[in-house]
Amino acid sequence: MHHLIQKLSDKYFLLAKEVRNHLHQYPELSFQEFNTAAYISDKLRSYNIPHKTGIAKTGIVGEISGKKPNHKLIALRADIDALPIEEKNNHSYCSKNNGVMHACGHDAHTAILLATVCLLHELKEQWEGTIRFIFQPGEEKLPGGASLMIEEGVLANPKPDAIVGLHVFPEMEFGHVGFKKGMYMASTDELYLKVIGKGGHAALPMQYNNPLVVSAAIITALNNYFMNDEIKKIPDNIPTVLAFGKINSLGGATNVIPDTVELQGTFRTMSEEWRERAHQILQDIVTETANQFGARAELNIIKGYPFLVNDEKITDIAQHAAAKILGADKVHELNIRMTAEDFAWYTHHVPACFFRLGVANKAKGITAAVHTPTFDIEPLSLKTGITTLSAIAMALLNTNSALEI
């Protein structure tokens, strides 16, 4: 099977490159991917691949079956949405939609999955089982398209034995891939804090209660509890991040103390039990600190994606498959990341593997980080993605059990 995948990889690399360049030129924001979905559907129809559209509004789900379709079911997923970023590259395939860009590589994810599905569909007489493919909207926006597609049954009737996804990784050179067994990415919650004091003229401190001072005390108290290595009280050294990235005094000036300050931040961790406890601790510290200053504080926690956990046995199978088709020197162990990804929703329902695809080319200067206006990928990384994802799918189908090596 590896020989057949490699033999066809050049053919489907050309398809992936065409798809990626088209999608990069015409990016669409989360849950607005109508033209993107239509384009994907047209491509699938041109290869006679059955699928359903309109899942979670703009999502697509389909299946291809080999011999003995009931032998095993493996799901493969790609996200299709872009970001509100103005592109600053100078390529023939640059975004034509002002203020919108595929700056996180979802165009590459989609192109790789589409090419992989087409490749395996051509080889369907050579393998057993069924592959369900998921083109998912809205990864970049809460509540996340994964949660909505799960609600609409993409992991049911029947439930997959495993699910696999990938993500571009500009920190790694093209031709290489990376894996992390167990906990890999963090849950993510948005923090919106309003601190209410009493405004006044800055020269008359007895007449006001400065909410900026209260805000500073709250930030310090929270940082000491969650982030100060000498003071923090995180149980069992669970990886945790608390950070505020925005503070705005409403109506303040050099000599004007405002009534209100608004702050925005993030809370991330790797344990759902600790996450729930931490939410209450956050509320308690905010309230108690504000009370000490005779002020009020309102903390709104918007719960985001859960932490992402890679099933150890599924990931082991995937990692071995990648090493066989790419070479062991091209496969790397990754570290835990405190970034977040809505693929995490799938990992709490089905044994999963979410791996990284190197897309950098330092010799060409292709090294920009995701979510930046100069992000790009080495095109040959698409071929690596196709061969690796195809090999992983076949390895999972060919094991006696998806949970046994």
Side-chain angles (χ1 to χ4, degrees), residues 142 144 146-147 163 165-167 169-172 177-193 215-247 263-289 297 299-316 318-319 331-356 369-371 403:
L142 295 179
S147 65
I163 187 168
L166 62 81
H167 201 293
F169 198 42
E171 300 166 43
M172 181 182 288
V177 294
F179 295 84
K180 172 70 175 71
K181 299 172 189 175
M183 291 184 184
Y184 177 45
M185 299 179 74
S187 61
T188 178
D189 301 314
E190 296 178 358
L191 308 179
Y192 296 91
L193 174 61
S215 299
I218 290 173
I219 291 174
T220 300
L222 291 173
N223 192 71
N224 282 340
Y225 193 99
F226 291 100
M227 299 299 295
N228 189 320
D229 287 338
E230 296 181 1
I231 304 174
K232 67 182 182 182
K233 301 176 182 178
I234 311 300
D236 302 320
N237 294 315
I238 298 169
T240 300
V241 168
L242 170 78
F244 284 91
K246 183 176 181 179
I247 182 167
L263 303 91
Q264 296 180 17
T266 185
F267 180 78
R268 298 162 183 253
T269 191
M270 292 277 190
S271 162
E272 293 303 308
E273 181 181 358
W274 163 238
R275 182 186 188 187
E276 292 300 322
R277 286 175 52 201
H279 286 184
Q280 187 57 56
I281 293 168
L282 284 163
Q283 294 283 4
D284 291 344
I285 291 175
V286 165
T287 300
E288 291 168 5
T289 305
L299 175 61
N300 181 25
I301 301 174
I302 297 181
K303 195 171 181 179
Y305 310 150
F307 72 87
L308 189 155
V309 57
N310 281 325
D311 182 89
E312 295 207 3
K313 292 180 180 178
I314 296 298
T315 304
D316 208 17
Q319 194 165 345
V331 179
H332 307 276
E333 298 283 347
L334 300 175
N335 296 319
I336 281 177
R337 293 174 66 87
M338 297 308 289
T339 52
E341 158 69 52
D342 91 331
F343 186 86
W345 290 114
Y346 300 113
T347 74
H348 288 262
H349 291 80
V350 175
C353 173
F354 188 71
F355 70 97
R356 295 280 171 167
V370 295
H371 290 225
L403 296 178

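Keep in mind that this is a model prediction, so the values were computed, not measured.
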How far apart are the closest heavy atoms of [X] and [Y], and which atoms are they?
| X | Y | answer |
| --- | --- | --- |
| Thr315 | Ala352 | OG1-O, 3.8 Å |
| Gly182 | Glu312 | N-CG, 4.0 Å |
| Thr269 | Pro239 | OG1-O, 2.9 Å |
| Ala369 | Pro170 | CA-CG, 4.1 Å |
| Leu142 | Gly304 | CD2-CA, 3.5 Å |
| Val309 | Met183 | CG2-N, 3.9 Å |

Distance, nearest 0.5 Å, that separates [atom1] of [X] from [atom2] of [Y]:
| X | Y | atom1 | atom2 | answer |
| --- | --- | --- | --- | --- |
| Asn228 | Ile234 | CG | CD1 | 11.0 Å |
| Ile281 | Glu288 | CD1 | CD | 10.5 Å |
| Ile314 | Phe179 | CD1 | CZ | 12.0 Å |

Under the salt bridge (charged side-chain N to carboxylate O under 4.0 Å, His left out) rule, what pairs show up with a residue in residues 232-246, not counting sequence neighbours? Asp229-Lys232

Determine whether [X] and [Y] make a side-chain contact, defined as any pair of heavy atoms from C-beta on separated by less than 4.5 Å.
| X | Y | result |
| --- | --- | --- |
| Phe244 | Leu191 | yes |
| Tyr192 | Leu299 | no |
| Asp342 | Ser147 | no |
| Ile302 | Asp189 | no |
| Leu282 | Leu242 | yes |
| Glu272 | Phe307 | yes |
| Asp311 | Cys353 | no |
| Met185 | Lys180 | no |

Under 3.5 Å donor-acceptor, [X] side chain and [Y] backbone:
| X | Y | result |
| --- | --- | --- |
| Asn224 | Ile231 | no |
| Thr220 | Ile218 | no |
| Thr347 | Leu308 | no |

Stepwise, does the side chain to side chain contact (heavy atoms under 4.5 Å, CB included) test hold for Arg356 with Leu166? CA-CA 6 Å; Arg356 295 280 171 167; Leu166 62 81; over 6 Å; no

Would you call Arg268-Glu190 a salt bridge at under 4.0 Å N-O?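 Looking at Glu190 together with Arg268, the answer is no, because their closest N to O distance does not fall below 4.0 Å.
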
Quick one, Val370 with Phe169, criterion side chain to side chain contact (heavy atoms under 4.5 Å, CB included). Give me CA distance, side-chain angles, the key distance, then yes/no. CA-CA 8 Å; Val370 295; Phe169 198 42; over 6 Å; no

Does atom CD of Glu273 have more than 12 heavy-atom neighbours, drawn from other residues, nucleotides or ligands, at distances under 6.0 Å? no

Taking CG in Asn300 as the centre, count heavy atoms belonging to other residues, nucleotides or ligands within less than 6.0 Å. Is the count above 12? yes

Phe343 and ring-ring contact (aromatic ring centres under 6.0 Å, His included): which partner among Phe354, Phe355, Tyr184?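 Exactly one pass, corresponding to Phe354.
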
For side chain to side chain contact (heavy atoms under 4.5 Å, CB included), just list the numbers for Ile247 and Gln264, CA-CA rounded to whole Å, side-chain angles, deciding distance to a tenth of an Å, and then say yes or no. CA-CA 7 Å; Ile247 182 167; Gln264 296 180 17; over 6 Å; no

Measure up the Tyr305 and Trp345 rings against each other and bin them: parallel (under 30°), tilted (30 to 60°), perpendicular (over 60°). perpendicular

Show every donor-acceptor pair shorter than 3.5 Å between a side-chain atom in residues 332-340 and any protein atom, with sequence neighbours excluded, or say none if there are none.
from, atom 1, to, atom 2, distance (Å)
His332, NE2, His176, ND1, 2.7
Glu333, OE2, Gln319, NE2, 2.8
Arg337, NE, Thr339, OG1, 3.3
Arg337, NH1, Glu171, OE2, 3.4

